[in-house]
Amino acid sequence: MKTIILSLLCLSAYVHHAIAAPTAHYVEFARIYGIVRYFSPNPYTQDWSESDWMKVCALLASRTETQPFEAAFRPLAPTLSISHTPIPPREGDTIATDTPARYYSYSGSGKLNVPFLAKLLMPGLASYIPYYKRLAVVTDHRDSTAVPVPYRYYNYPAGNGKHLNIQHALPKEMFDSKATRRLLADAKDYWKQHRSDDKALSPTRRFIFGLLSDRAVRIADLTVRWNIVRHFYPYYDEEPLDWDHQLEVCLEEAIQMGKVDSMEALLEWYDIINRFLNPIRDGHLFVRRDMNISNIKTTYLPEYYAEVETKFVNDTLLIRRSADGQHSWRMLHTINGQPASACLQNCRKTTNAATEAHRDQMAADKLFSSPAYDTPFVIESSDLSGQVYKDTLYTRNPDLPVSRHEGQPVRKCDNGILYIDATSPALNEKRFLSALTPDIKGLCFDLRGLPSYQFEDILAHLISSDVTAPATEVPINCFPFQQEVSWRVTAETLKAKAPHVPLPATFLCDAGTVSWGETILMMVRHYGLGEIIGQTTAGTTGDMTQFALPLFPFFMTGMRMHDMDGRQHHAQGIVPDRIIPAYANDYMTNYDRVLHTATGIADTQH
């Protein structure tokens, strides 16, 4: 018996070692790849796209299974070396050249994706480019940041007791243009050769399934995302993010995953990506469901929604039919026989948000979504009287049902308070000004949700003179792991418009007030434009950045912002001047406690 137990223990230890060994190898690979990709000053990679880099990463992940790291990465960084002890910074050999040493400097990363409508409404946005990289000369100090010393070797831990020694500032003669171009060509060929063995599938599906059945491609997908966050996420040092551990956990999942031979398996990979990014507290971070492969951009994993609205209020899940505005909110108990609360927790694992309240609402929005059209959801719910209802919902809507505030976007209340729904697409400056009749006693701006771009024109009438907007801080990086990072701080000016509207005002907010809405509230508080009422906001603002990866691109916040008094805003949000709790009973009786309180306050301020 003892012999059997000992054999089982030995087998368990062997299996664990067999799993841990490749994981440790790929952790080293991921760290080395990011440093080389972003901070080896190879001029011949300057114009490579995100798609190019993903293909190169996949090829390198495959090659390092049989080649030393130095050999695999030599086309990108010919002088790098791997050591088993940390080597202090040292000067490398110089060469006789008239070409100056250059290094890569990054103003954030990714690309700002400005919606077409926003460009039309705000023409200046068309030329607004906050995120870019440049191959800078060492003597060029435009961004006022510490820069690499020419020819100097810098040392970084790669994991498993190994260290990477690499130069960050070199002349172009140190690189081989032919070797670099050949690496990209080989990577493209490697990428294109993938095919599923199932010839009954469409060519596109065979290609996608073949790609993600390759362990090297899956490793590359996680490696690329991990490095983007590690080197460029502006709040990395402000979050309790065990990012190294997260890499190990998800790399092991990628290694153990079998062939992708069905849509269910493809969805499993998409969920792994979302769970990988889940610890990041960023309400702007979400993974798209489309792909850009073989020059064809397609939403390969569609998402369909049932025609319902959901809310999570004080530990209670509420549901209301969207198709018929006469339906009241009900308490949701079960979904397909499972407790609704358990389903919500599962959705939270693939949802990003900076605050728990915002994450709850984002997760609730996913409860009745599916990649398959007409997927049934059998639910049990109850109304205030306790009557239980059993319904079947079907996912037939390609868009998430958007909750709209009831009534007209601009309307006068009985007590003379003018209510303005800042989130309504029908709201504009002309409509607001035309509603300002002499009998208006005060203003109530509803920012519960995402305000329209045109609200800036209305805000300009609430200030008596030009004011400075909250500052944005874009990280400037030229070293790995955000070492020696500096920040380019800019602040726009909001110009006052006539007529000035000095009426007393209240501003409504909740956990769904995010991004631009929070920027508005920062100015409201700083310049004393009114009282903020409701619940704490989402704690996420600053312009987003997009990473156009070939498989499931993603967005995240690309710049840092603080409250105008310098306090941290990220993951804290705007705490209202007057906190009004939300109650499930209020929704079920169609009573807007926040609005009722705000209009009453505005009335007394008159």
Side-chain angles (χ1 to χ4, degrees), residues 7-34 54-55 57-67 69 72 158-160 162 190-191 193-198 201 205-230 241-280 287 289 291 300-301 345-351 371 549-552 554:
S7 298
L8 289 173
L9 290 173
C10 291
L11 178 61
S12 174
Y14 172 79
V15 171
H16 175 75
H17 176 75
I19 294 173
T23 301
H25 167 82
Y26 288 122
V27 168
E28 295 171 43
F29 169 79
R31 294 177 68 88
I32 293 171
Y33 168 82
M54 178 68 80
K55 294 166 186 174
C57 187
L59 176 63
L60 292 176
S62 176
R63 285 182 173 178
T64 56
E65 293 176 356
T66 57
Q67 296 180 11
F69 287 128
N160 205 27
K162 297 178 182 178
Y190 177 79
W191 188 267
Q193 74 181 11
H194 290 87
R195 291 292 183 277
S196 167
D197 295 333
D198 188 351
L201 298 173
R205 188 164 293 189
R206 284 190 69 194
F207 178 49
I208 293 172
F209 287 3
L211 270 176
L212 288 172
S213 292
D214 181 357
R215 179 172 67 178
V217 172
R218 299 194 300 270
I219 296 297
D221 199 357
L222 295 181
T223 293
V224 168
R225 297 174 199 273
W226 185 86
N227 277 288
I228 288 171
V229 172
R230 183 62 189 88
L241 188 62
D242 192 352
W243 200 223
D244 291 337
H245 175 70
Q246 189 72 358
L247 177 64
E248 294 175 15
V249 170
C250 290
L251 279 179
E252 190 163 319
E253 286 191 65
I255 292 168
Q256 296 183 40
M257 186 175 178
K259 283 189 175 182
V260 174
D261 54 8
S262 66
M263 291 301 290
E264 290 75 18
L266 181 61
L267 184 61
E268 178 187 348
W269 179 248
Y270 179 77
D271 285 344
I272 288 175
I273 293 172
N274 279 280
R275 285 190 282 106
F276 176 54
L277 298 170
N278 179 258
I280 302 168
V287 182
R289 301 172 73 90
M291 299 182 181
Y300 200 72
L301 271 183
Q345 289 305 311
N346 287 333
C347 290
R348 282 174 55 89
K349 295 176 183 177
T350 57
T351 302
L549 308 184
L551 304 172
F552 307 128
F554 77 101

Could you go step by step and tell me if Thr350 and Asn278 meet the side-chain contact (heavy atoms from CB on, under 4.5 Å) rule?
CA-CA 6 Å; Thr350 57; Asn278 179 258; 5.7 Å; no
Between [X] (side chain) and [Y] (backbone), is there a donor-acceptor pair under 3.5 Å?
X: Arg225; Y: Phe276; answer: no
X: Tyr26; Y: Thr223; answer: no
X: Asn160; Y: Lys162; answer: no
X: Gln246; Y: Arg275; answer: yes
X: Arg63; Y: Ala72; answer: no
X: Arg195; Y: Arg206; answer: no

Should [X] and [Y] count as side-chain neighbours, where that means a heavy-atom distance under 4.5 Å?
X: Arg230; Y: Leu247; answer: no
X: Tyr190; Y: Asp214; answer: yes
X: Glu28; Y: Thr64; answer: no

Distance in Å, [X] [atom1] paired with [Y] [atom2], rounded so as to fall on 0.5 Å steps:
X: Gln345; Y: Thr351; atom1: CD; atom2: OG1; result: 10.5 Å
X: Ser262; Y: Leu267; atom1: OG; atom2: CG; result: 9.5 Å
X: Ile219; Y: Cys57; atom1: CD1; atom2: SG; result: 9.5 Å
X: Leu549; Y: Ile273; atom1: CG; atom2: CD1; result: 8.5 Å
X: Thr23; Y: His25; atom1: OG1; atom2: NE2; result: 10.5 Å
X: Asp244; Y: Arg31; atom1: CG; atom2: CZ; result: 5.0 Å

Over all atoms of both residues, closest heavy-atom pair of [X] and [Y]:
X: Val260; Y: Ser213; answer: N-OG, 2.8 Å
X: Ala61; Y: Phe29; answer: N-CZ, 3.4 Å
X: Ala58; Y: Ala216; answer: O-CB, 3.6 Å
X: Asn227; Y: Gly34; answer: OD1-CA, 3.0 Å
X: Lys259; Y: Ala265; answer: O-CB, 4.3 Å
X: Leu266; Y: Phe552; answer: CD1-CZ, 4.2 Å

Per the side chain to side chain contact (heavy atoms under 4.5 Å, CB included) rule, which among Val217, Leu212, Asn274, Leu301 passes with Trp269?
Leu212
Tell me whether the rings of Phe207 and Trp191 are parallel (<30°), tilted (30 to 60°) or perpendicular (>60°).
perpendicular
Do the ring planes of Trp243 and Trp226 sit parallel (below 30°), tilted (30 to 60°) or perpendicular (above 60°)?
parallel
Should the pair Asp198-Arg205 be classified as a salt bridge under the 4.0 Å nitrogen-to-oxygen rule?
no
